Amino acid sequence: MTYKIGFQGKKGAFSYIAAVKYFGENNNFVECENFKNVFEKLVNKRINFGVIPIENTIAGSVYENYDNLSNYKVNIIGEYNLRISHNLLCVPDNKIKSKTKRLKLIKEVYSHPKALEQCNKFFVNKPWIKKVAFDDTAGSAFFVAKQKRFDIAAIASEEAASIYKLQVL
């Protein structure tokens, strides 16, 4: 049976990856604007299941989703622990083979505020790079891919790099 499974963000988001790993690839994965939208679609039966984060070992509890769990009449049916691995993603430049040289071209990095915060060590030694907050990690990868600029990058999953044809630096 094929299910409709909602998650916050774009394909390549960490919730999307968890949904695919938990439910399997042969389902219909539905992008939702925000966590509340996942719950609304679930209670309105526009999706069969929703996948949301509730805990992060670095950032702590996702309080918004605890609130959503208490405000919407839904059942929790399972849990999936996903190891998060942030990657710096950029538009490929076939002229520059050195990743070090490619990195020096980057002036702005887009991602979710928590991902930017979690990668703070990376930014400490790269003061020329401006951090730019974005709604979600995969959305930032989608944005960077659409812009086709060599001076911007995103922090997102390796899956997002594959989906949006970006290079992992």
Side-chain angles (χ1 to χ4, degrees), residues 2-42 46-60 62 64-65 68 78-94 99 102-103 105-123 129-169:
T2 301
Y3 296 106
K4 286 184 180 177
I5 301 152
F7 64 95
Q8 185 274 326
K10 293 233 170 258
K11 289 192 172 142
F14 293 108
S15 293
Y16 167 78
I17 295 166
V20 171
K21 290 186 181 286
Y22 188 86
F23 288 100
E25 292 179 11
N26 296 329
N27 287 289
N28 182 15
F29 297 94
V30 179
E31 297 174 348
C32 298
E33 271 183 57
N34 52 49
F35 297 132
K36 186 178 179 185
N37 191 235
V38 174
F39 284 88
E40 288 168 348
K41 286 184 180 193
L42 193 55
R46 293 174 45 214
I47 58 175
N48 304 103
F49 300 100
V51 174
I52 51 126
I54 58 168
E55 291 291 329
N56 181 303
T57 55
I58 295 172
V62 182
E64 177 184 351
N65 283 332
N68 285 328
E79 163 181 28
Y80 188 84
N81 291 308
L82 180 69
R83 187 182 188 309
I84 304 298
S85 178
H86 293 303
N87 297 270
L88 185 66
L89 312 179
C90 63
V91 173
D93 185 347
N94 297 328
K99 287 187 177 185
R102 182 67 185 87
L103 180 61
L105 294 176
I106 296 175
K107 303 291 181 237
E108 295 178 342
V109 172
Y110 295 80
S111 196
H112 187 277
K114 285 292 181 192
L116 292 170
E117 181 184 317
Q118 291 167 353
C119 296
N120 201 44
K121 222 183 217 182
F122 167 81
F123 290 105
I129 298 177
K130 178 183 171 189
K131 296 183 269 187
V132 183
F134 212 83
D135 291 339
D136 67 279
T137 56
S140 69
F142 175 76
F143 172 78
V144 166
K146 258 177 77 174
Q147 296 301 307
K148 295 184 168 90
R149 289 175 40 197
F150 295 113
D151 64 333
I152 63 173
I155 292 175
S157 68
E158 236 179 296
E159 287 83 347
S162 177
I163 292 167
Y164 303 114
K165 313 267 188 282
L166 294 171
Q167 175 185 5
V168 177
L169 282 181

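The chain is numbered in sequence order, starting from 1. In this text the structure is predicted, and so the values were computed from the model without any measurement.
Other residues, nucleotides and ligands contribute at most 12 non-hydrogen atoms within 6.0 Å of the NZ atom of Lys36. The environment of CD in Glu55 is crowded: more than 12 heavy-atom neighbours from other residues, nucleotides or ligands sit within 6.0 Å. Environment of NZ in Lys165: sparse, with no more than 12 heavy atoms of neighbouring residues, nucleotides or ligands closer than 6.0 Å.
Scanning both residues, Gly50 and Val38, for their nearest heavy atoms gives CA-CG1, 3.8 Å. Smallest separation of non-hydrogen atoms from Ala156 and Ala160: CB-CB, 4.0 Å. Here the shortest heavy-atom pairing between Ile52 and Ile54 reads CD1-CG2, 3.5 Å. Heavy-atom minimum distance, Lys11 versus Glu31: N-OE2, 3.1 Å.
For the pair Phe39 and Cys32, the minimum side-chain heavy-atom distance is 4.5 Å or more. Annotation: side chain of Tyr164 is in contact with side chain of Lys10 (closest heavy-atom distance under 4.5 Å). Within the 4.5 Å cutoff, side-chain heavy atoms of Lys4 are placed close to those of Asn48.
Taking CD of Gln118 as the start and CG of Asn120 as the end, the distance is 10.5 Å to the nearest 0.5 Å. How far SG of Cys119 is from CG of Asn87: 9.0 Å, rounded to the nearest 0.5 Å. The distance from atom CZ of Arg102 to atom CG of Leu88, rounded to the nearest 0.5 Å, is 9.0 Å. Summarising the geometry, atom OG belonging to Ser157 is positioned 7.5 Å from atom CG belonging to Leu89; distances are rounded to the nearest 0.5 Å. Once rounded to the nearest 0.5 Å, the distance linking SG of Cys90 with CG of Leu105 reads 9.0 Å.
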I'd like a table of donor-acceptor pairs (distance under 3.5 Å, sequence neighbours excluded) in which one partner is a side-chain atom from residues 134-155, with atom names and distances.
residue: Asp136; atom: OD2; partner: Ala138; partner atom: N; Å: 3.3
residue: Asp136; atom: OD2; partner: Gly139; partner atom: N; Å: 2.7
residue: Ser140; atom: OG; partner: Tyr110; partner atom: O; Å: 3.2
residue: Ser140; atom: OG; partner: Thr137; partner atom: O; Å: 2.5
residue: Arg149; atom: NE; partner: Asp151; partner atom: OD1; Å: 2.9
residue: Arg149; atom: NH2; partner: Asp151; partner atom: OD1; Å: 3.2
residue: Arg149; atom: NH2; partner: Asp151; partner atom: OD2; Å: 3.0

Show the atom names and distances, to 0.1 Å, of all donor-acceptor pairs under 3.5 Å that link a side chain in residues 12-29 to residues at least two apart or in another chain.
residue: Asn27; atom: OD1; partner: Tyr3; partner atom: N; Å: 2.7
residue: Asn27; atom: ND2; partner: Phe23; partner atom: O; Å: 3.0
residue: Asn27; atom: ND2; partner: Gly24; partner atom: O; Å: 3.1

Assess the residue pair Arg83 and Asn81 against the criterion (side-chain contact (heavy atoms from CB on, under 4.5 Å)); give the C-alpha distance rounded to whole Å, side-chain angles, the decisive distance to 0.1 Å, and a yes or no.
CA-CA 7 Å; Arg83 187 182 188 309; Asn81 291 308; over 6 Å; no
Full working for side-chain contact (heavy atoms from CB on, under 4.5 Å) between Tyr80 and Val51
CA-CA 9 Å; Tyr80 188 84; Val51 174; over 6 Å; no
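For Asp93 (side chain) and Val91 (main-chain N/O), no donor-acceptor pair under 3.5 Å exists by modelled atom type.
Asn65 and Asn68 are linked by a side-chain donor-acceptor pair at a separation below 3.5 angstrom, with hydrogens and angles left out of the test.
With Glu158 as the fixed residue, the side chain to side chain contact (heavy atoms under 4.5 Å, CB included) test singles out one of Val168, Leu166, Ile163: Val168.
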